[in-house]
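One structure below.
Whatever order the structure lists ligands and atoms in, that order sets their numbers, starting from 1. Being a predicted model, the structure only gives us computed values, none of them experimental.
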Amino acid sequence: MKVLKFGGTSVGSPQRMKDVCRLITADNQRKLVVLSAMSGTTNSLVEIAQYLYGGNKAGADDVINRLRAKYYAHVPDLLSRKENQDDVQKFLEDKFSYLQSFSKDNFTEKEEKIILAQGELISTYMVTCYLKEQGVKATLLPALDFMKTDADAEPDMNFITEHAAKALESVPDMQIFITQGFICRNAQNDIDNLQRGGSDYTASILGAAIKADEIQIWTDIDGMHNNDPRVVDNTQPVRHLHFEEAAELAYFGAKILHPTCIQPAKAANIPVRLLNTMEPNAPGTLIDNHSEPGRIAAVAAKENITAIKIKSSRMLLAHGFLKKIFEVFESYRTSIDMICTSEVGVSMSVDNTKHLEDIVAELKKYGTVTVDKDMCIICVVGDMVWENLGFESRALDALADIPVRMISYGGSNYNISFLVKGTDKKAALQHLSNVLFNNK
Ligand code: ADP
Ligand code: ASP
Ligand code: MG
């Protein structure tokens, strides 16, 4: 069986939902289909929670009312039979009164997580109802019955494997199984989620759990592009990527895929295919464990990075210096993205600046500290085994006119990263595109 995930854009209107249903029933194969909330919905739910945190119930109600009106209008566009319209209308009424019932008093993360879960609960109910109306043997499997995270907020693969199998077996003779992306229960059995964009992760975890033949991520673009299509002209889809290449690209900003999504598929060696809902026959991008020798595949960028440099004469020949530095970051649960060292100093980059002041204060015990904010990691991804010649100089050539703060290479066989100013991001991506992919 294949696992197919459709993102918010793919289920963003009644027409899009119908298109998805046509697509998943075009052959007679059984499928497990993971859906996101309709596009924009999770943002609205976040907004509602923010109003309630801020004690502004009227603000929250305003967003709820707008969302309610939007959803009610979708009902007659999606369903033709009166009884089905009534069924979904009733479901929506219950959901929106539930949203309205949250109080601004004692509003905690627990309530926020429940609110955030409603988008996927609604979209999957609507799509399942439409499929049934069309006479498809479809059923809704509640993700909250089997998607579970452990005390470290990591997927509990044993639980998921056992309970997803049970859920599938509980409804034999079905062709289409629909479930919610993004949402789960945590170790306390409370409603939780896999972080924004986490429906991709759901699909990959479920693909691994049910040993799927393939995990398909369907979105609004023809596969992973060799550069960010939102920023750079003339990007092209990359037809094939190694798991590691895709993981680097996702982590460093290629938003088409959630960064956590590759790991479960890779561990279970299940190919991932990125496909386009608007152009279902386009080849998309296949991600598996084969690499293409000597090829530079793509470029991605991650913004809002902070660089921290510690210069210390005491570092000279000192062992244990890096350990002390890393312990500071560890104690503030802040992970480091890039790191470069010299005999007198070390530079690191972080994207989480929640504890920056405390970290800098502690690092000052070990030397002079400088901080550069609003930086951007530019990551060039491909087969970059060190014996391969020339790719470093081509990438550096492309960046000849751009000040580079750090360069990192050798950490993996698949990437070389540059730290530049955030304001140079667009130029850096465009120059790399021109030199690496468009022979300009
Ligand atoms: P969905 O709602 O389907 O999950 P997203 O908005 O999360 O869709 O992600 C898809 C978007 O990611 C695309 O519309 C595209 O603009 C953007 N994107 C960013 N970088 C890349 C890339 N390297 N290749 C393809 N798409 C990318
Ligand atoms: N709906 C969630 C979000 O917008 C999860 C997802 O779409 O992947 O973040
Ligand atoms: Mg997404």
Margin query: So if I count the atoms of ligand 2 from 1 in the order they appear, which ones are less than 4.0 Å from some heavy atom of Arg196?
Written below: 3 (C), 4 (O), 9 (O)
Checklist line | Proximal ligand 2 atoms for Ser199, defined as those under 4.0 Å from one of its heavy atoms | finding: 5 (C), 6 (C), 7 (O), 8 (O)
Would you tabulate the side-chain donor-acceptor contacts of residues 393-403 under 3.5 Å, counting partners in other chains and residues two or more places apart, or write 'none'?
unit_1 : atom_1 : unit_2 : atom_2 : d
Ser393 : OG     : Gly390 : O      : 2.9
Arg394 : NH2    : Leu436 : O      : 3.4

Assign the ring pair [X] / [Y] to parallel, tilted or perpendicular, where the plane angle (0 to 90°) is split at 30° and 60°.
| X | Y | answer |
| --- | --- | --- |
| Tyr71 | Phe96 | tilted |
| Tyr332 | His355 | tilted |
| His240 | His290 | tilted |

Next item on the list: Check each of Ser10, Gly198, Ser36, Ala203 against atom 7 (O) of ligand 2 and report the one with the nearest heavy atom.
Entry: Ser36
Notebook entry, point to check: What part of Glu120, side chain from CB on, backbone N/CA/C/O, both or neither, has a heavy atom under 4.0 Å from ligand 2?
Noted result: side chain
Margin query: Could you check whether Arg196 and Asn43, counting side-chain N and O atoms only, form a donor-acceptor pair closer than 3.5 Å?
Written below: yes
Item checked: Side-chain ion pair, Arg81 and Glu133, N-O less than 4.0 Å -> no
Checklist line | Sub-4.0 Å heavy-atom contact, Gly197 with ligand 2 | finding: yes
Notebook entry, point to check: Can you tell me if Thr306 uses its side chain to pair, donor with acceptor, with the backbone of Lys373 under 3.5 Å?
Noted result: no
Notebook entry, point to check: When you look for protein heavy atoms under 4.0 Å from ligand 1, which residues do they belong to?
Noted result: Lys5, Gly7, Gly8, Thr9, Thr219, Asp220, Ile221, Gly223, Met224, His225, Asn227, Asp228, Pro229, Arg230, Ala254, Lys255, Ile256
Item checked: Qualifying residue, where the test is side-chain hydrogen bond (donor to acceptor under 3.5 Å, both in side chains) with Lys148 and the options are Asp192, Asp156, Asn189 -> Asn189
